[in-house]
Amino acid sequence: MRISDDPGLQPILFGLFLSMYLVTVLGNLIIILAVNSDSNLHTPMYFFLCNLSLADICFISTTVPKMIVNIQTHSKEIIYVGCLTQMSFLILFGCMDGLLLTVMAYDRFVAVCHPLHYSLIMNPRLCGSLVCLSLLISLVDSQAHNLIALQIIYFKDIKISNFFCDPAQLLNLACFNTFINNIVMYFVGAISGLLPISGIFFSYYKIIFSILKIPSKGGRYKAFSTCGSHLSVVCLFYGTAIGVYLGSAVSHSPRSTAVASLIYTVVTPMLNPFIYSLRNKDIKRAVKRLHRRML
């Protein structure tokens with residue numbers, strides 16, 4: 001489905017989404033380069049941020065380039081293999097995004113609640129293991145959806161009420177028992193959505209109580225500002241993603257579903273670099289040093 005069927009809006013939408021895609025890729029690449037070029041930022045928090053930026057680049061690349069091509073060629077078709085491939089990578093990098101946000105919440109929990117043991121707990125082996133575990137869970141999640149979607153025998157002239165191959169809608173097309181589809185959809189949604197959210201909110205529950213015990217206002221402000229950017233990204237990403245994923249079965253407005261999907265597939269990856277860089281003095285300094293080095 002197109003975002004809009006108005007022919008006059010197509011050039012505007014093409015320019016808008018192309019510019020958003022380029023800003024997202026460039027912004028996240030700058031964060032990756034800045035962190036890797038500055039030895040002061042070789043810490044667990046920025047290691048996870050680099051992986052999040054890489055996942056964001058891959059995540060937005062699964063949907064927007066195809067949408068831009070569709071707008072330019074005035075075609076809304078996608079082949080069977082392309083649809084399954086797009087769905088697999090969308091779930092893979094989307095789930096990776098969510099799990100990395102959970103890992104980053106745990107990192108902030110250790111930094112605020114156990115500062116004296118931070119270096120001991122968040123050692124390089126644990127950080128690498130957490131990223132690998134996030135990737136493994138994302139792969140399992142992606143393939144679980146793929147196995148159900150492969151049961152779709154008749155895949156011709158099917159209309160998908162979104163601008164990409166929406167996993168929730170594809171599962172509803174499967175030819176066997178829809179009850180099993182719903183069980184798998186909600187079970188996987190709980191594993192990759194509700195459990196990470198529970199971990200994030202538990203971490204911030206502990207963080208907030210620890211911050212309130214800090215005697216100085218400056219210390220409380222610094223702790224809140226460090227966690228505020230991460231929490232805003234979590235709310236934006238998970239709020240729209242879970243609403244679209246779990247609400248697709250009862251939603252009767254394809255247009256509103258597509259708009260909500262735009263937020264977590266396009267807007268959130270684009271805003272991440274700005275949220276983290278504008279609220280982080282270390283990233284700002286690293287970007288300035290990288291800019292001077294390039295000049």
Side-chain angles (χ1 to χ4, degrees), residues 15-61 64-65 93 96-112 115 118-119 122-124 126-128 130-131 134 200 203-204 207 211 214 216-237 263-295:
L16 176 65
F17 289 116
L18 178 60
S19 59
M20 290 174 74
Y21 178 70
L22 294 176
V23 167
T24 303
V25 173
L26 182 61
N28 283 288
L29 278 177
I30 288 175
I31 285 185
I32 294 172
L33 291 173
V35 171
N36 282 284
S37 64
D38 193 333
S39 58
N40 295 323
L41 300 183
H42 292 175
T43 61
M45 182 178 74
Y46 295 110
F47 170 70
F48 295 134
L49 180 58
C50 276
N51 283 278
L52 180 67
S53 294
L54 182 60
D56 279 337
I57 292 174
C58 298
F59 185 48
I60 195 173
S61 296
V64 175
F93 295 116
M96 187 78 178
D97 247 17
L99 292 174
L100 284 173
L101 289 173
T102 308
V103 169
M104 292 173 74
Y106 174 71
D107 173 72
R108 292 299 85 205
F109 161 73
V110 176
V112 174
Y118 179 76
S119 300
M122 300 303 296
N123 55 74
L126 178 64
C127 294
L130 288 173
V131 172
S134 300
I200 289 171
S203 297
Y204 275 99
I207 287 171
I211 290 175
I214 299 175
S216 65
K217 289 185 178 180
R220 287 198 297 267
Y221 174 78
K222 184 178 180 180
F224 271 122
S225 63
T226 303
C227 301
S229 56
H230 176 256
L231 194 58
S232 60
V233 172
V234 167
C235 294
L236 185 63
F237 177 80
I263 296 176
Y264 84 90
T265 58
V266 181
V267 177
T268 304
M270 183 185 69
L271 290 180
N272 279 359
F274 294 102
I275 292 174
Y276 283 111
S277 61
L278 292 177
R279 296 176 62 93
N280 193 307
K281 294 180 180 178
D282 294 332
I283 291 287
K284 286 181 182 177
R285 284 195 292 267
V287 170
K288 288 178 181 177
R289 281 195 290 268
L290 178 65
H291 181 250
R292 286 197 298 267
R293 205 175 294 173
M294 290 173 65
L295 289 178

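The shortest distance between side-chain heavy atoms of L130 and M104 does not fall below 4.5 Å. Within the 4.5 Å cutoff, no side-chain heavy atoms of V131 are placed close to those of V103. Between N272 and S53 the shortest side-chain heavy-atom distance does not fall below 4.5 Å. Residues L49 and M45 are not in side-chain contact: their nearest non-hydrogen atoms beyond the backbone lie 4.5 Å or more apart. Within the 4.5 Å cutoff, no side-chain heavy atoms of F48 are placed close to those of L101. Using a 4.5 Å cut-off on side-chain heavy atoms (C-beta onward), S203 and R108 make no contact. Side-chain contact check for V25 versus Y21: some heavy-atom pair is nearer than 4.5 Å. The side-chain heavy atoms of F47 and P124, taken from C-beta on, include no pair separated by under 4.5 Å.
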Inset, instruction - With side chain to side chain contact (heavy atoms under 4.5 Å, CB included) as the test, would you mind laying out the steps for I60 and T265 before giving the verdict? - result: CA-CA 6 Å; I60 195 173; T265 58; over 6 Å; no

Legend entry - Residues V23, F274; criterion side chain to side chain contact (heavy atoms under 4.5 Å, CB included); working and verdict: CA-CA 10 Å; V23 167; F274 294 102; 3.7 Å; yes

Inset, instruction - Evaluate side chain to side chain contact (heavy atoms under 4.5 Å, CB included) for S37 paired with R289, printing each intermediate quantity in order. - result: CA-CA 9 Å; S37 64; R289 281 195 290 268; over 6 Å; no

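Atoms CE and CG, from M20 and L18 in turn, are 11.5 Å apart once rounded to the nearest 0.5 Å. With rounding to the nearest 0.5 Å, the separation of CG in D56 from CE in M96 is 11.0 Å. Expressed to the nearest 0.5 Å, how far CZ of R285 lies from CG of N40 amounts to 8.5 Å. The distance from the SG atom of C50 to the CD1 atom of I32 is 6.0 Å, given to the nearest 0.5 Å. D38 CG to L33 CG: the interatomic distance, rounded to the nearest 0.5 Å, is 12.5 Å. Atom CG of N123 is separated from atom SG of C127 by 6.5 Å, given to the nearest 0.5 angstrom.
Under the 3.5 Å distance criterion, the side-chain polar atoms of N28 are matched with a main-chain donor or acceptor of T24.
With sequence neighbours left out, F17 forms a ring-ring contact (aromatic ring centres under 6.0 Å, His included) with no residue at all. The side chain to side chain contact (heavy atoms under 4.5 Å, CB included) test applied to L26 returns I30, not counting sequence neighbours. Applying the side chain to side chain contact (heavy atoms under 4.5 Å, CB included) criterion to L271, with sequence neighbours excluded, gives L236, V267, I275.
A side-chain N or O of D107 and one of Y118 form a donor-acceptor pair less than 3.5 Å apart.
Across all their heavy atoms, V110 and M122 have their closest contact at CG1-CG, 4.1 Å.
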